[in-house]
There are 2 protein chains.
Amino acid sequence: MAGAGASGPRHTMADVARRAGVSTATVSRALTRPDQVSPKTRELVHEIAEELGFRPNLIGRQLRAQAANSLLILVQDLENPFYAELIKGAEYVARERQFSVVVGGTDGLEDVERLYAEQYLGRRVDGLILLTGHLPAGLSRKMAEQGPVVLVSEDNPELALCAVLVDNVGWAAQAVAHLHALGHRRIAHLCGPMARIISRERREGYRRALSQAGLPADPALEAPGDFSFETGRRATRALLALPDPPTAIFCANDESALGAIRAAQQVGLDVPRDLSVIGFDDTMLAEISDPPLTTIRQPRQQMGAVAAEMVIDMLENGPGQCARRILDCELVERSTVAAPAAKS
Amino acid sequence: MAGAGASGPRHTMADVARRAGVSTATVSRALTRPDQVSPKTRELVHEIAEELGFRPNLIGRQLRAQAANSLLILVQDLENPFYAELIKGAEYVARERQFSVVVGGTDGLEDVERLYAEQYLGRRVDGLILLTGHLPAGLSRKMAEQGPVVLVSEDNPELALCAVLVDNVGWAAQAVAHLHALGHRRIAHLCGPMARIISRERREGYRRALSQAGLPADPALEAPGDFSFETGRRATRALLALPDPPTAIFCANDESALGAIRAAQQVGLDVPRDLSVIGFDDTMLAEISDPPLTTIRQPRQQMGAVAAEMVIDMLENGPGQCARRILDCELVERSTVAAPAAKS
DNA sequence: TTGTATGCGTTATCAG
DNA sequence: CTGATAACGCATACAA
């Protein structure tokens, strides 16, 4: 019988109250606190409400409650598959706790950021989950620092905000150490866009691992990139044309790693026999890759879930202290890494 | 100076009014209808508002206006890259027209659908854009049919709803005709999940093209699938093991087409020399594919934009008649299609 | 041009 | 257990 009568004009509590011969207060109670109402009226009210197809107006409820029960997740780029699973994790937790989630893609545009900031300042959403690594334009630092705002995946050390992160430096170093352990000595790094802190952190991890392995730091082996397939391919082509080319590449993300693999294959090299490649993120691309990509897996779903939990906790228990949660990654070994070929 | 004073407790119009020595009505007017207020008070009010970091409470505004100025886009699966660009198109138009967009991923779960339906019935969003091909559980047909609801990409002939579509049958047929024109005679089809109408439409187009070309319909050449890479690969492996294998495959989407390519390569076949492959959608995967995938491009961004326009128009001008817009696709020729090899 | 008063739909408080 | 009332924050009709 769900959806019965759900046509025609929409009704308010006053309509239901009138038809039931009770007050709106009773209707409200019958619907939200059934135990505070006599079984008889309770049923009557439910019946009429059903008959009329009555739905409580959430805006009215929100105004009264002074809470929208909703979270805003801001991402740079909705098309990046990395974010989808993370959003899912957040949505799941939010749902469990009676919150809804609004997803906003800013494309890095200030005007758009400002619009979303307005939604927050205008209390249309209660809390903010930022995957952008920075405060949206229009939101002051002070305003954010004490509010229900959490940074995810991308840190910003200048901001004193709650955050859910992974140890990019550490896991990048692990990736490189993995290559070194197999015997690689010329290990290149395909960088991400340097404007983003995760790129700088992963490069830092690369450098640290080299130095711990006692390997020389060769600037020629640090190729600039921007996380894209095409740039990854071009950069790798250049790397392979070096007089003393690398035998392994640690890429700042999966998509650019696919570019690296392609570049190698196009000059007739076999991956992993002639070139080992390792990525970062473990997106869907890693499985589709040929051969399947060895990469560092981030616990995306969990990251989103924890972030939502943090924001909602702050909302319910007051700001509290800023927490910084560091979650664990995992090295997923597929088929793009092997010991280097013997020197010819 | 943006964001100045945006700390501390949040203020209401009453606060501003008090400090400015005017009424809340004047504050409201000064902020939203500046011309209806004397320049002097207008500036005074703006100044105080700025100083206090005042932001109008959008919930209050919405309750008063009886409109949330926001649209809900429902998708099955946020991880499907097909939807991201479409959402972007909708967001862009919405923004232009002062609407915000809420994105919801249902994963096909009824409970989740019901939750989103509640947001609509509870007037937290004014209109619905459905990429799911069906009404969310909890939303009755009558309720939707006269309201600001539009179906995108995935039709549902049983519902008399506005819709933004492409001619799946026609373009699938075009894809197959393209293969036929090059000389292919054994053309297979890798189907999508049959529960979805777009899958059935594309198969219909495949069949129609075969029959128009005077080619026999061979059930063995219709391989079941579900749009995934892995299934595409397995199905294609089976296809290639047939006594009289196809020389070309039309796949229901890009991801499964990549699976088809991989299957061919794994048994030592060259694409497109030994097997031609054509996809549908033109997602990012088509470019990353090796070789780059020939496919049918859907105007995703435009689809989202048109859908948003339709919903907002209905909201502003009353329901009006149900429109059905069919947008044009395009055959994007890359490198996975060639004439069949001469019979050995 | 400005102020007063009212209502949007809901729920909490308080009295009965 | 129930009803009357007030309040959430804003924007408008109306009066001044």
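In what follows, every chain begins at residue 1, and chains take the letters A, B, ... in the order their sequences are listed.
- Judged by the 6.0 Å distance and 45° axis criteria, A:Arg18 is not positioned over the aromatic ring of A:Phe54.
- In terms of heavy-atom proximity, A:Thr132 sits nearest to A:Gln76 at O-NE2, 3.3 Å.
- With salt bridges taken as basic N to acidic carboxylate O contacts below 4.0 Å, none links A:Glu118 and A:Arg114.
- Scored by the side-chain contact (heavy atoms from CB on, under 4.5 Å) test, A:Glu145 finds A:Arg141, A:Ala160, A:Leu161 as partners (sequence neighbours excluded).
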- After noting the C-alpha distance and the side-chain angles of A:Val103 and B:Ile87, does the key distance pass the side chain to side chain contact (heavy atoms under 4.5 Å, CB included) rule? CA-CA 11 Å; A:Val103 184; B:Ile87 290 170; over 6 Å; no
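- Shown here for B:Phe82 and B:Asn80, the closest heavy-atom pair between the two residues is N-OD1, 2.8 Å.
- When heavy atoms are screened at a 4.0 angstrom cut-off, A:Arg123 is found touching no nucleic acid atom at all.
- Closest heavy-atom contact between B:Ala137 and B:Glu113: N-OE1, 2.8 Å.
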- Item | Criterion side chain to side chain contact (heavy atoms under 4.5 Å, CB included) on A:Gln62 and A:Asn69, from CA distance to verdict | CA-CA 8 Å; A:Gln62 283 168 30; A:Asn69 273 259; over 6 Å; no
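- Nearest heavy-atom pair, B:Gly105 versus B:Val112, reported as atom, atom and distance to 0.1 Å: O-CG1, 3.8 Å.
- Under the 4.0 Å criterion applied to side-chain N and carboxylate O atoms, A:Lys88 and B:Asp107 are assigned as salt-bridge partners.
- Contact between A:Ala308 and A:Ala90 at its shortest, heavy atoms only, is CB-O, 3.7 Å.
- Between B:Ser23 and A:Ala14, the residue anchored closer to the 5' end of DNA chain C is B:Ser23, taking for each the nucleotide with the nearest heavy atom.
- The two residues B:Val125 and B:Ser70 come nearest to each other via the heavy atoms CG1-OG, 3.3 Å.
- Taking five base pairs at each end of the helix from C:dT1-D:dA16 to C:dG16-D:dC1 and finding the rotation axis that steps the C1' atoms of four pairs onto the next four gives two axes whose angle is 40°, to the nearest 10°.
- Under the rule for a side-chain contact (heavy atoms from CB on, under 4.5 Å), the partners of A:Leu327 that lie at least two apart in sequence or sit in another chain are A:Val164, A:Pro299, A:Gln302, A:Met303, A:Val306, A:Arg325.
- Running 5' to 3' along DNA chain D, contacts with non-hydrogen atoms of chain B at under 4.0 Å begin and end at D:dG9 to D:dA13.
- Take the nearest nucleotide of DNA chain D for B:Arg29 and for A:Val37: the residue whose nucleotide is more 5' is A:Val37.
- Base contact: B:Ser28 has a heavy atom under 4.0 Å from a base atom.
- Taking a 4.0 Å limit (strictly below) on heavy-atom distances, residues 56-68 of chain B reaches DNA chain D at B:Pro56, B:Asn57, B:Gly60, B:Arg61, B:Arg64.
- Within 4.0 Å (heavy atoms only), B:Val27 reaches no atom of the nucleic acid at all.
- In summary, contact between chain A and DNA chain C, defined as any nucleotide atom under 4.0 Å from a heavy atom of the protein, begins and ends at C:dG9 to C:dT13 in the 5' to 3' direction.
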